[in-house]
There are 2 protein chains.
Amino acid sequence: MKTINPKEISTQQLHSYLLGSIAPRPIAFASTVDKVGNVNLSPFSFFNIFGSNPPILVFSPARRVRDNSTKHSLDNVREVPEVVINIVNYEMVEQMSLASTEYERGINEFVKSGLTEQPSIIVKPPRIKEAPAAFECKVLEVIPFGEEGGAANLVVCEVLLAHFKEEIFGENGQIDPFKLDAVARMGGDWYCRANGTALFEIAKPIRNKGIGVDNIPEEIKNSIVLTGNNLGRLGNIEKLPSKYEIEAYAKQATIQEMKHRFKNDKESFVFHLHEYAKEVLEGGDTLTAWKILLQEY
Amino acid sequence: MKTINPKEISTQQLHSYLLGSIAPRPIAFASTVDKVGNVNLSPFSFFNIFGSNPPILVFSPARRVRDNSTKHSLDNVREVPEVVINIVNYEMVEQMSLASTEYERGINEFVKSGLTEQPSIIVKPPRIKEAPAAFECKVLEVIPFGEEGGAANLVVCEVLLAHFKEEIFGENGQIDPFKLDAVARMGGDWYCRANGTALFEIAKPIRNKGIGVDNIPEEIKNSIVLTGNNLGRLGNIEKLPSKYEIEAYAKQATIQEMKHRFKNDKESFVFHLHEYAKEVLEGGDTLTAWKILLQEY
C-alpha cells in the first residue's frame, strides 16, 4: 500500500492521484453569464447530485493548481447567481473538450465549440440545444474551502427547471442509460463512455435483508472457486433453501453424476460442485446456486 | 423536450430522472463509527472530489425519499466527525451492494458483506482492506439543504491520509484506470464498469488555444459527413496548415485519384474528400485531416 500524507507531496501530484482514483466523475457542462450578459460555457467534473428534495446539484470550479487563478464560471456565478448545468453525451464530447480551452474572458465557448445556444425559460444563461438533459438552476451559495491553488469552491445549485430529450427515455418511462450515452471523466486525459458492455445491473437489496456473508457456511465462504462478488450475491439471499428443497435437488442428474464420478474424492467433488454453483449464480439464479452448494457429500 | 418543474412532480419520480441523467456517479464506500465504537459501512453515489488543496471530498447521505428517515452514516459522522471513504472496484461490487442493505443500527456491514476491516492510522473508522484506494478523512462540516425526504446533507470531508494499492499504478507512476477497474452508479439498478472499450482518451486542450469551430470554413462546418465530434477536434487545432503545405499535399496519390475520378462532379469530390479526412482525423492526425479538407477542387 502506498500511503500518502497530503501535506507531504505537491498539490499537483496529489491532484493527479485523487483524480485518478475518484472516478468516473459525471460532467457538469455549465453555462453562465456575467453582469453585462457575456456567456461562458465550461465543463467541470467536480460535480454531482446531492439531494432531490429540493433538487441540489453541486459543482466546483476549483482554483487552478497551476497559478491559483479562478475560472470565469466562478466569477460569473458570483455576479449572476444562475447556471444551466448541461449533461454531456458521447456525441458531443470533443466539442465539450474544446470548450474547456482557457479562452479569454468574454469569449463565448458556445461559439468556439460550435454548440447551439437555446434560451432558457427561467434563468439568464442559455442551455445547450444538443445536450440530452439540462438543468436551469439558481445558485444558493458559493462555499470556498481554502484560498490557494487547488482550493474547492462549492457552487450549490437548486434545480428550478429540468429538460430531458424525449429520445433518452426507455419504454418503461425511465431514462435508459444506453440511450443517454453519457461520458464521464477519469484521471489524466481519460474519459469513460457509459454504454455497451460497461453497463450492468445489480438488483437493489434495499427492501429485503440478505443473510450476509457472515451467515454463509465456512466451507463455502473459504471456497477456492467462489469470488468476493459470488459471496456478496450469495449473502444477499433472505433465507436459505429448506432441507427438503436441498434433498429434492439431490435427484438432479448433474448432482448424481458428480457424486458418482467423485465418490472417493471429496475435494474434487466440492471443487466441481462450487464451479457448477458459480456458473448458475452468475447466470442469475441465486436460489439454485444455494441448492447446489448445500449438497452433502 | 420533456420539461419538468421539480415542484410539480413527485420527489420519487424526480429522484429517478435526476439519478438517470446525472451519471455515472463515483461511489464513496463510507466507513464510520458511532460514539460507542459500532462500525457502519455504506455506499453513497452522491459523492465526488471538489478540491485538492486542501483535498476536499463531499458525500451526501440524503434523507430517504421513502420515509424521510436519516442514514446511520449521517448519525455517526454527527457523533464522531471522521470517515474513511473507500473506492469500489469491480471485484467487490456485489459485496458493496450487499452492504447497502438497510440493516439495523449497530449491525457492522463489514461483517455482513464479508469485507475486511483494516485499522486506520489517524481516524477511528477502519478502512476496507480490499479497496484499491481509501481516504482517511475528518469531517469539516455537515450542511443540510432541506428537511424533508430526499433532502441533501453535504458531508464535507478533508483527506488526512490517502492509501493506494501498489497494483493500480501504471509504469508512468500515475494511476492506471484499467488497473483501478472502478465501478460507478447509474440510474435504477444500473452500474458502469470503467474499463475495456468504455475508456478513451482526449488530449487536454488547456495549454493551446484551438481556432474554434467558429473559424472552420462554412463548407467544412456544414459537411454532411463530419460529426460534431469531428468539428470539435478540427477546431482544437491552433493554426491551419499553410497554403504551401496544402499545395504540397495535393500531390498525394489519393488526392490526385479523387480529382481525376470526380473531375465533373464537385459534390462527389467533396463527399469523398470529407470521408477520407474523417478517417484520418479519427485516426488521430488532425493536421493531415485539415490538409485534406482544404484541398481545392
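Since we're looking at a predicted model, the values are computed, not measured. Below, all heavy atoms of this structure are taken into account, side chains as well, without hydrogens, waters or symmetry copies. Order of the sequence lines sets the chain letters (A, B, ...), proteins ahead of strands, with each chain counted from 1.
- In terms of heavy-atom pairs under 4.5 Å with chain B, the best-connected choice from A:Gln95, A:Lys2, A:Arg193, A:Arg25 is A:Lys2.
- Using modelled atom types, one finds no donor on one side chain facing an acceptor on the other under 3.5 Å when comparing A:Asn230 with B:Glu94.
- For a residue to count as touching a neighbouring chain, one of its non-hydrogen atoms must lie under 4.5 Å from one of that chain's; by this rule B:Phe135 touches chain A with the side chain only.
- Within a 6.0 Å sphere centred on CD of A:Glu148, heavy atoms belonging to other residues, nucleotides or ligands number 12 at most.
- For chain A, the nearby part of B:Leu160 is the backbone; its heavy atoms alone come within less than 4.5 Å.
- Residue B:Ile122 does not touch chain A at all, counting heavy-atom pairs closer than 4.5 Å.
- Residue B:Arg185 touches chain A through its side chain alone, counting heavy-atom pairs closer than 4.5 Å.
- The heavy-atom pair separating A:Ile85 from A:Cys157 by the smallest distance is CD1-SG, 4.2 Å.
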Start with the C-alpha gap between A:Lys221 and A:Glu218, add the side-chain angles, then the distance that decides, and say whether salt bridge (Lys or Arg N to Asp or Glu O under 4.0 Å) holds. CA-CA 5 Å; A:Lys221 209 156 56 179; A:Glu218 286 301 314; 3.4 Å; yes
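- Contacts of B:Glu147 with chain A are absent, with no heavy-atom separation under 4.5 Å from either backbone or side chain.
- Among the candidates B:Asn195, B:Asp176, B:Val65, B:Val156, the residue making the largest number of heavy-atom pairs closer than 4.5 Å to chain A is B:Val156.
- Only the side chain of B:Ile143 comes within less than 4.5 Å of a heavy atom of chain A; its backbone N, CA, C and O stay farther away.
- When atom types are taken as modelled, the side chain of A:Lys204 and the backbone of B:Gly188 share a donor-acceptor pair closer than 3.5 angstrom.
- Taking A:Leu180, A:Ile49, A:Ile216 one by one and counting their heavy-atom pairs under 4.5 Å with chain B, the maximum is reached by A:Ile49.
- For B:Ile4, the parts lying under 4.5 angstrom from a heavy atom of chain A are both the backbone and the side chain.
- At a 4.5 Å heavy-atom cutoff, the contact between B:Met186 and chain A is made by side-chain atoms alone.
- The aromatic rings of B:Tyr17 and A:Phe169 stand perpendicular to each other, their planes meeting at an angle above 60°, with 30° marking the opposite boundary.
- With a threshold of 4.5 angstrom between heavy atoms, B:Ser113 approaches chain A through N, CA, C or O but not through any side-chain atom.
- At a 4.5 Å heavy-atom cutoff, the contact between B:Phe178 and chain A is made by side-chain atoms alone.
- For B:Ile87, the part sitting under 4.5 Å from any heavy atom of chain A is the side chain, from C-beta outward, and nothing else.
- Using a 4.5 Å cut-off between heavy atoms, B:Phe59 contacts chain A through its backbone alone, with no side-chain atom that close.
- Only the side chain of A:Leu140 has a heavy atom closer than 4.5 Å to any heavy atom of chain B.
- Per-residue counts of heavy-atom pairs under 4.5 Å with chain A were compared for B:Ser52, B:Gly212, B:Gly232, B:Gly51; the largest is that of B:Ser52.
- Under the 3.5 Å distance criterion, with hydrogens and angles disregarded, a donor-acceptor pair is assigned to the side chains of A:Glu130 and A:Thr116.
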